[in-house]
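In what follows, a structure is listed as structure tokens, so that the remarks can point back to it.
Values below: all heavy atoms of this structure, side chains included; hydrogens, waters and symmetry mates excluded. Index from 1, following the sequence.
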Amino acid sequence: LTLAAARLIRDTAAIEPHLVRSAAGKTMLLVVGTDAEFVGVEALRDRYELAVVTLPLARARLYVTMKNYLDLVALRAREFERGRTVERYRYELGELVSIARAISSERDIGKLLGLILEKSRYVTGADAGSVYIVEGQSLNPRERTVRFMVSQNDSVDINFSEHTFPVDDKTIVGRAIISRQLINIADLAREKHDRRFDLSSGYQTRSMLTVPMSNQRDERSEERRVGK
């Protein structure tokens with residue numbers, strides 16, 4: 001809630017920033033003054049959102065008036081946040097539809113994995129991410145290997161190349177494959193994990209979301225998205 005003296009309505013440079021913030025719904029401009037000072041205020045109200053409080057005013061009445069407008073500001077903020085949530089949902093749904101279309105039409109596995117990773121990073125707001133493929137026929141995941149296939153990074157230019165490593169508990173990817181469960185780590189600094197990539201690349205991984213994926217034949221791949 002922003003309080004302003006009525007005399008400021010004639011000072012455009014002083015009042016304009018408050019009017020803009022009030023119109024955006026981030027606050028409410030409450031102009032305080034006498035009836036004589038409010039001459040011409042209706043022209044501002046036609047263009048912006050504001051409220052007026054006429055003096056003199058008892059303390060109790062001023063308190064109730066301000067409390068009512070504070071509640072209104074909170075209501076507007078919640079409504080604005082709901083609108084943002086709806087827009088975010090529409091965006092994420094559109095990205096998922098793009099992935100579904102690519103899966104049904106793209107025949108190049110490298111391009112497909114790259115697209116899935118890119119769209120997934122956009123949805124989660126991840127700075128970087130990688131896709132791994134689980135190889136081998138054994139029913140025991142610990143007897144299989146993981147192939148590093150695709151990686152993307154918006155902060156560091158790193159020359160990635162395909163390589164393999166065993167499935168075990170030493171890596172977060174390995175733990176996700178063995179448990180067949182999503183692993184979401186908000187603060188990686190508190191987690192014991194293989195830090196060789198960070199040390200060799202100079203890239204500091206701050207959080208990680210690791211998602212195991214399976215096809216209709218239960219053949220698994222692994223997608224890891226990290227946030228910086």
Mind checking what makes side-chain hydrogen bond (donor to acceptor under 3.5 Å, both in side chains) contact with Thr171, not counting sequence neighbours?
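In terms of side-chain hydrogen bond (donor to acceptor under 3.5 Å, both in side chains), with neighbours along the sequence ignored, Thr171 is linked to no residue.
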
Going by the rule side-chain hydrogen bond (donor to acceptor under 3.5 Å, both in side chains), which residues pair with Arg107 if we only count those two or more places apart in sequence or in a different chain?
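For Arg107 there are no side-chain hydrogen bond (donor to acceptor under 3.5 Å, both in side chains) partners, ignoring immediate neighbours.
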
Looking at side-chain heavy atoms only, is the closest gap between [X] and [Y] below 4.5 Å?
{"X": "Glu118", "Y": "Tyr122", "result": "yes"}
{"X": "Thr205", "Y": "Tyr203", "result": "yes"}
{"X": "Ile172", "Y": "Leu188", "result": "yes"}
{"X": "Met66", "Y": "Leu3", "result": "yes"}
{"X": "Val173", "Y": "Met208", "result": "no"}

Please work out which of the three classes, parallel, tilted or perpendicular, describes the rings of His163 and Phe148, given edges at 30° and 60°.
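Parallel: the ring planes of Phe148 and His163 meet at under 30°.
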
Minimal non-hydrogen separation, [X] against [Y], with atom names:
{"X": "Ala6", "Y": "Gly33", "answer": "CB-CA, 3.8 Å"}
{"X": "Ser138", "Y": "Glu143", "answer": "OG-OE1, 2.7 Å"}
{"X": "Gly129", "Y": "Leu117", "answer": "O-CD2, 3.5 Å"}
{"X": "Ala13", "Y": "Pro17", "answer": "O-CD, 3.4 Å"}
{"X": "Val39", "Y": "Arg10", "answer": "O-NH2, 3.1 Å"}
{"X": "Ser207", "Y": "Ala186", "answer": "CB-O, 3.2 Å"}

Spatial distance of atom [atom1] ([X]) from atom [atom2] ([Y]) [nearest 0.5 Å]:
{"X": "Asp127", "Y": "Asn153", "atom1": "CG", "atom2": "CG", "result": "5.5 Å"}
{"X": "Asp35", "Y": "Glu37", "atom1": "CG", "atom2": "CD", "result": "9.5 Å"}
{"X": "Leu75", "Y": "Tyr69", "atom1": "CG", "atom2": "OH", "result": "14.0 Å"}
{"X": "Ile183", "Y": "Leu209", "atom1": "CD1", "atom2": "CG", "result": "10.0 Å"}
{"X": "Ile9", "Y": "Glu42", "atom1": "CD1", "atom2": "CD", "result": "8.5 Å"}
{"X": "Arg142", "Y": "Ile177", "atom1": "CZ", "atom2": "CD1", "result": "11.0 Å"}

Do the charged groups of Arg121 and Asp154 touch, with an N to O distance under 4.0 Å?
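Salt bridge flag = yes for Asp154 with Arg121.
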
Can we say Arg82 and Glu79 salt-bridge, meaning some charged N sits less than 4.0 Å from an Asp/Glu carboxylate O?
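Yes, charged N to carboxylate O under 4.0 Å.
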
Please check: side-chain N/O of Arg147 versus main-chain N/O of Thr164, any donor-acceptor pairing under 3.5 Å?
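Not at all, since once roles are kept as given, no pair shorter than 3.5 Å links the two residues.
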
Measure from the side-chain N and O atoms of Thr210 to the backbone N and O of Leu182, and report whether any donor-acceptor pair falls under 3.5 Å.
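Checking the backbone N and O of Leu182 against the side chain of Thr210, no donor-acceptor pair under 3.5 Å is found.
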
Does the side chain of Tyr91 pick up a donor-acceptor pair with the side chain of Glu87 at under 3.5 Å?
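Looking only at side-chain atoms, Glu87 and Tyr91 do not form any donor-acceptor pair under 3.5 Å.
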
Are [X] and [Y] connected in the hydrophobic side-chain network, where two residues link if heavy atoms are under 4.5 Å apart?
{"X": "Leu62", "Y": "Val73", "result": "yes"}
{"X": "Val53", "Y": "Tyr63", "result": "no"}
{"X": "Leu115", "Y": "Leu113", "result": "no"}
{"X": "Leu8", "Y": "Leu29", "result": "yes"}
{"X": "Tyr132", "Y": "Ile178", "result": "yes"}

Please evaluate residues Val150 and Ile116 with respect to the criterion side-chain contact (heavy atoms from CB on, under 4.5 Å), reporting the C-alpha separation (whole Å), side-chain torsions for both, the decisive distance (0.1 Å), and the verdict.
CA-CA 10 Å; Val150 180; Ile116 292 174; over 6 Å; no

If you draw a 6.0 Å radius around CZ in Arg7, do more than 12 non-hydrogen atoms from other residues or ligands fall strictly inside?
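No.
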
Result of checking Val64, Leu72, Leu70 against Asn68 for side-chain contact (heavy atoms from CB on, under 4.5 Å):
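Among Val64, Leu72, Leu70, the one meeting side-chain contact (heavy atoms from CB on, under 4.5 Å) with Asn68 is Val64.
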
